[in-house]
Amino acid sequence: ELEKVLHRYQSNPSDSLKYRAACFLIENMPSYTYYKGKLLEQYLTFFTLLQEARSKKVYPQAMIDSIRRMYGPFSLDSLQYCKDVVTVDSAYLCNNIDWAFKVWQEQPWGKNVSFADFCEYILPYRVTVEPLCDWRHEYHERYQWLGDSLQSKSLERVLEYAAMDYNMWFKSNYGGKPVFEEEPSTRLSAKQLLFRKTAGCENIAALEVFSLRSQGIPVAYDLIPWWGTSMGGHFVNTAFDEQMHPIHFDVTYHIQI
């Protein structure tokens with residue numbers, strides 16, 4: 001499958017840059033893995049049902065007990081461990097590359113983003129270890145207003161808009177008590193984030209990566225190992241303006257840092 005991608009772009013001289021982009025992704029693939037399985041999907045569906053039950057003031061323990069009786073306790077041992085270099089197919093990779101080039105070239109200051117920076121901050125099809133999905137088109141449609149705003153607004157102001165958008169529909173569960181003791185920390189896919197509408201900072205920072213990259217805006221996913229107001233780390237973002245100057249921001253605090 002990966003050879004198909006290389007052959008597709010190698011056979012057309014006008015796709016020489018896309019060929020180099022494909023090489024970049026494939027060279028880095030061995031480092032990336034994820035989990036998938038029916039139980040994980042059931043687990044994520046359960047949390048959506050639980051959220052609805054809470055809004056109706058239904059005690060959640062009954063639902064938890066029901067899920068345990070039906071599916072048993074959640075365990076990573078029941079999931080399939082997948083390697084990108086084995087599971088990613090040519091259609092998925094080509095679609096990602098074509099979309100990434102499209103949004104890169106659409107941005108008025110895309111010409112100021114070097115190919116090396118494009119590969120690092122716009123091209124990647126994943127953030128860390130989240131389940132894979134085709135996210136480019138849906139996020140591009142949903143967040144096109146961010147890209148349009150850049151036509152007349154600074155990136156700093158656009159990031160403020162992104163923070164306001166996040167705070168209108170997404171909820172951080174940082175510091176929340178686990179629903180039950182066996183609850184594992186799971187990474188959500190790009191589409192699961194839109195569906196769940198609640199998660200911790202590691203998923204929220206990923207949401208911003210998907211949103212901004214879908215518009216051709218270079219952005220990074222940052223880890224602060226020891227956050228000043230807690231005993232643990234925190235995940236934030238860094239976006240880059242038309243001169244590739246870094247702008248550090250955190251939508252959970254609605255601030256630039």
Side-chain angles (χ1 to χ4, degrees), residues 5 15 17-18 21-22 25 34 36 41 44-45 47-48 51 88-113 117-128 130-172 187-199 202-221 237-242 247 249 251-252 254:
V5 178
D15 285 337
L17 211 55
K18 289 186 177 181
L25 292 176
Y34 64 102
K36 71 176 183 178
E41 293 301 318
L44 295 172
T45 301
F47 273 96
T48 302
Q51 188 175 11
V88 171
D89 62 29
S90 58
Y92 179 87
L93 203 60
C94 288
N95 179 67
N96 176 82
I97 292 171
D98 292 343
W99 264 103
F101 270 82
K102 176 181 182 296
V103 297
W104 179 33
Q105 294 163 355
E106 282 179 350
Q107 273 301 339
W109 37 267
K111 61 182 181 296
N112 296 329
V113 180
D117 288 331
F118 163 77
C119 287
E120 292 286 350
Y121 303 120
I122 299 176
L123 175 65
Y125 57 87
R126 66 151 68 253
V127 178
T128 55
E130 73 279 359
L132 296 181
C133 67
D134 287 314
W135 57 272
R136 292 271 184 184
H137 181 264
E138 184 170 350
Y139 270 77
H140 184 266
E141 294 295 312
R142 183 183 178 105
Y143 287 100
Q144 188 170 356
W145 59 272
L146 283 178
D148 293 343
S149 297
L150 276 178
Q151 306 296 324
S152 58
K153 301 289 192 301
S154 67
L155 181 59
E156 289 91 342
R157 179 54 59 88
V158 171
L159 294 177
E160 291 177 4
Y161 294 161
M164 287 187 284
D165 172 77
Y166 154 81
N167 282 281
M168 288 175 60
W169 67 276
F170 206 93
K171 180 181 179 182
S172 171
R187 290 302 310 275
L188 302 175
S189 73
K191 291 187 176 182
Q192 287 167 345
L193 285 167
L194 300 180
F195 181 69
R196 279 277 300 278
K197 303 179 183 179
T198 180
E202 67 275 19
N203 282 295
I204 293 169
L207 173 67
E208 296 310 307
V209 170
F210 293 127
S211 303
L212 296 181
R213 285 182 182 171
S214 74
Q215 305 307 311
I217 302 172
V219 60
Y221 180 86
N237 298 102
T238 298
F240 299 88
D241 66 13
E242 64 271 20
I247 301 172
F249 69 102
V251 294
T252 63
H254 203 157

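All values derive from a computational prediction rather than experimental measurement.
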[X] side chain near [Y] side chain, heavy-atom distance below 4.5 Å:
X: Glu242; Y: Pro108; value: no
X: Trp169; Y: Leu194; value: yes
X: Asn237; Y: Leu212; value: no
X: Tyr166; Y: Ser172; value: yes
X: Asn96; Y: Leu123; value: yes

Using modelled atom types and a 3.5 Å cut-off, is there a donor and acceptor pairing between side-chain atoms of [X] and backbone atoms of [Y]?
X: Thr238; Y: Ala220; answer: no
X: Gln107; Y: Gln215; answer: yes
X: Arg126; Y: Leu132; answer: no
X: Tyr121; Y: Val113; answer: no
X: Tyr221; Y: Glu202; answer: yes
X: Asp165; Y: Tyr161; answer: no

Spacing of [X] atom [atom1] and [Y] atom [atom2] [to the nearest 0.5 Å]:
X: Leu188; Y: Glu130; atom1: CG; atom2: CD; answer: 9.5 Å
X: Cys119; Y: Leu17; atom1: SG; atom2: CG; answer: 7.5 Å
X: Ile247; Y: Phe240; atom1: CD1; atom2: CZ; answer: 9.5 Å
X: Leu207; Y: Tyr143; atom1: CG; atom2: OH; answer: 5.0 Å
X: Glu208; Y: Leu193; atom1: CD; atom2: CG; answer: 10.0 Å
X: Asp98; Y: Lys18; atom1: CG; atom2: NZ; answer: 4.0 Å

Where do [X] and [Y] come nearest, in terms of heavy atoms and distance?
X: Ser90; Y: Val5; answer: CA-CG2, 3.5 Å
X: Val251; Y: Ala163; answer: CG1-CA, 3.8 Å
X: Pro218; Y: Gly216; answer: CD-O, 3.5 Å

Criterion side chain to side chain contact (heavy atoms under 4.5 Å, CB included) on Trp109 and Leu150, from CA distance to verdict: CA-CA 9 Å; Trp109 37 267; Leu150 276 178; 3.5 Å; yes
Quick one: do Lys102 and Glu106 satisfy salt bridge (charged side-chain N to carboxylate O under 4.0 Å, His left out)? Show the steps, please. CA-CA 6 Å; Lys102 176 181 182 296; Glu106 282 179 350; 2.5 Å; yes
Check ring-ring contact (aromatic ring centres under 6.0 Å, His included) between Phe101 and all other residues, then give those that pass, not counting sequence neighbours.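 In terms of ring-ring contact (aromatic ring centres under 6.0 Å, His included), with neighbours along the sequence ignored, Phe101 is linked to Trp104, Phe118.
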Check against side chain to side chain contact (heavy atoms under 4.5 Å, CB included), Gln192 and Arg187: CA-CA 9 Å; Gln192 287 167 345; Arg187 290 302 310 275; over 6 Å; no
Between Tyr125, Tyr92, Phe210, which is the residue that forms a ring-ring contact (aromatic ring centres under 6.0 Å, His included) with Trp135?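 Of all the options given, the one that passes is Phe210.
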